[in-house]
Amino acid sequence: MTIVEPEWLARPSTEVAPALIGCALVRQLPDGQRIRGTIVETEAYGPGDPASHASRGRTLRNQAMFGPPGTIYVYLIYGMYHCFNIVTDRPGVASAVLIRALQLDIMPPGFQTKEKLARIAAGPGKLCRTLQIDRTLNDRPLQPGGPLWLEHQTPEFQQQLDQGTLSIVQTNRIGISVGTDLLWRWYLANSPAISKP
DNA sequence: ATCGTGATACAC
DNA sequence: TGTATCACGATT
């Protein structure tokens, strides 16, 4: 469980997004309680991307996307859901990875069954609901001991990828009206937490 | 297929 | 100032 450092995220989002599959996301609540999950679905947004919030330049909402790698970008969508992104690449380059789904490792109180556990962090809005992520975390850094941080894939996960026991699928992004031709979405095959287009 | 929900961006 | 749009999810 080595910590993901900002330098590891200092490359294009299209490179970071698939590399984040299998990494752990840890949320530490104000009361100290931790919720941990494995990232199983991501999407990349970057420069020259018509679907990016930064496609028409810098605004108050998207300014976190221009920050240093490891910055948290959270925005409100459809008046009721939040979406959580990890900023990548160098400062000044608007680039981020949307975390779409987690497989929770730790059972939060009130969720007993495996089926429920697979569903409650499936989809970017539900993920934020479960991890209690909102805009108060926007434009803040990922940091061990802070509200959110990342840990690298386990050697076992890496092994299973190498052996072909697990595989990552690359496909088109969903929930957008432009840039749908770009294959900038990645997910862990056979994971029960993946959004259906 | 439809709708809830409210911030945002940009046109006026 | 108004208003179309929206990186979603639950329900029919």
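What you see is a predicted model, and the numbers here were worked out from it, not measured in a lab. In what follows, chains are A, B, ... by sequence order, proteins preceding strands, each numbered from 1. What's counted below: heavy atoms across the whole structure, side chains too, no hydrogens, waters or symmetry copies.
One atom, NE2 of A:His53, and another, C1' of C:dC8, lie 12 Å apart when rounded to the nearest Å. In this entry the distance linking CE of A:Met80 with P of C:dA7 reads 15 Å, nearest Å. Here C:dA4 presents its C1' atom at 13 Å from CD1 of A:Ile77, a figure rounded to the nearest Å. A straight line from CZ of A:Arg61 to P of B:dA7 spans 13 Å, rounded to a whole angstrom. Taking atom CD on A:Glu41 and atom C1' on C:dG9, their separation rounds to 14 Å, with Å as the unit. In this structure, the CE atom of A:Met65 is 15 Å from the C1' atom of B:dT8, given to the nearest Å. Taking atom OH of residue A:Tyr78 and atom P of nucleotide B:dA9, one finds them 15 Å apart after rounding to whole Å. A:Asn85 has its CG atom 11 Å from the P atom of C:dC8, to the nearest Å.
Remark: the backbone N or O of A:Gly179 is paired with a side-chain donor or acceptor of A:Arg173 at under 3.5 angstrom. The backbone N or O of A:Ala24 sits nowhere less than 3.5 Å from a side-chain atom of A:Arg36 that would complete a donor-acceptor pair.
When hydrophobic clusters are built by joining Ile, Leu, Val, Met, Phe, Trp and Tyr residues whose side-chain heavy atoms come closer than 4.5 Å, directly or via intermediates, A:Phe66 is not grouped with A:Leu142.
Toward the 5' end of DNA chain C, the nearer of the two residues A:Gly79 and A:Ala122, judged by each one's closest nucleotide, is A:Gly79. In this structure, A:Leu76 and A:Arg56 both approach DNA chain B, and ranking their closest nucleotides by distance from the 5' end singles out A:Leu76.
If you check C:dA7, C:dA10, B:dT5 against the side chain of A:Tyr75, the one that comes closest is C:dA7. Looking at the side chain of A:Arg135, the nearest of the listed nucleotides B:dT8, C:dC6, C:dG9 is B:dT8.
Applying the Watson-Crick and G-U wobble criteria (two distances, each under 3.5 Å), C:dT1 pairs with B:dA11. Pairing partner, B:dT5: none, since no Watson-Crick or wobble contact has both distances short of 3.5 Å.
As judged by a 4.0 angstrom heavy-atom cut-off over every strand, A:Arg129 is placed among residues making no nucleic acid contact. Residue A:Leu98 is classed as a base contact, given a heavy-atom separation below 4.0 Å to a base.
Put simply, A:Tyr81 does not rest on the base of C:dG9: the two rings are not both less than 5.5 Å apart at their centres and under 30° in tilt.
In this structure, A:Gln170 and A:Trp186 have side chains that are in contact, with non-hydrogen atoms separated by less than 4.5 Å. Side-chain contact between A:Val178 and A:Ile176 is absent, with no heavy atoms from C-beta onward closer than 4.5 Å.
Dashed line: the shortest gap from a side-chain N or O of A:Arg100 to OP1 or OP2 of C:dC8 is under 4.0 Å. For C:dC6, one of the phosphate oxygens OP1 or OP2 lies less than 4.0 angstrom from a side-chain nitrogen or oxygen of A:Ser177.
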